[in-house]
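Everything on this sheet refers to the single structure shown next.
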Amino acid sequence: MTDIVDKIRFDPTDVEFMPISLEEAGMTAIEGDPQPRVHTLVATDHIWIGLSKVEP
């Protein structure tokens, strides 16, 4: 179990988020400009694991 935790542990202050469109994120803005961003950790043909960030 420790091996798995060590592989996914990272410093979130070093994460670079890449801008994506609202359409790519599957979102519709109710108001404002949310500027969605993502950081991909794992991507295959069948799975995506990552972090997302949306400003209010």
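This is a predicted model, so every value here is computed, not measured. The first residue in the sequence is number 1, and the count goes up from there.
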Problem - F17 side chain near L51 side chain, heavy-atom distance below 4.5 Å - result: yes

Completion exercise
NZ of K53 to CD of Q35, rounded to nearest 0.5 Å, is 9.5 Å

Among residues at least two apart in sequence or on other chains, which ones pass side chain to side chain contact (heavy atoms under 4.5 Å, CB included) with [X]?
X   : result
T44 : V42, H46, I47
E16 : none
T40 : A43, W48

Problem - Any residue meeting side-chain hydrogen bond (donor to acceptor under 3.5 Å, both in side chains) with E31, in chain and number order, not counting sequence neighbours - result: none

Practice task
Kindly give the cluster partners of M27, where membership spreads through any ILVMFWY side chain lying under 4.5 Å from a current member.
Solution key: L22, V54

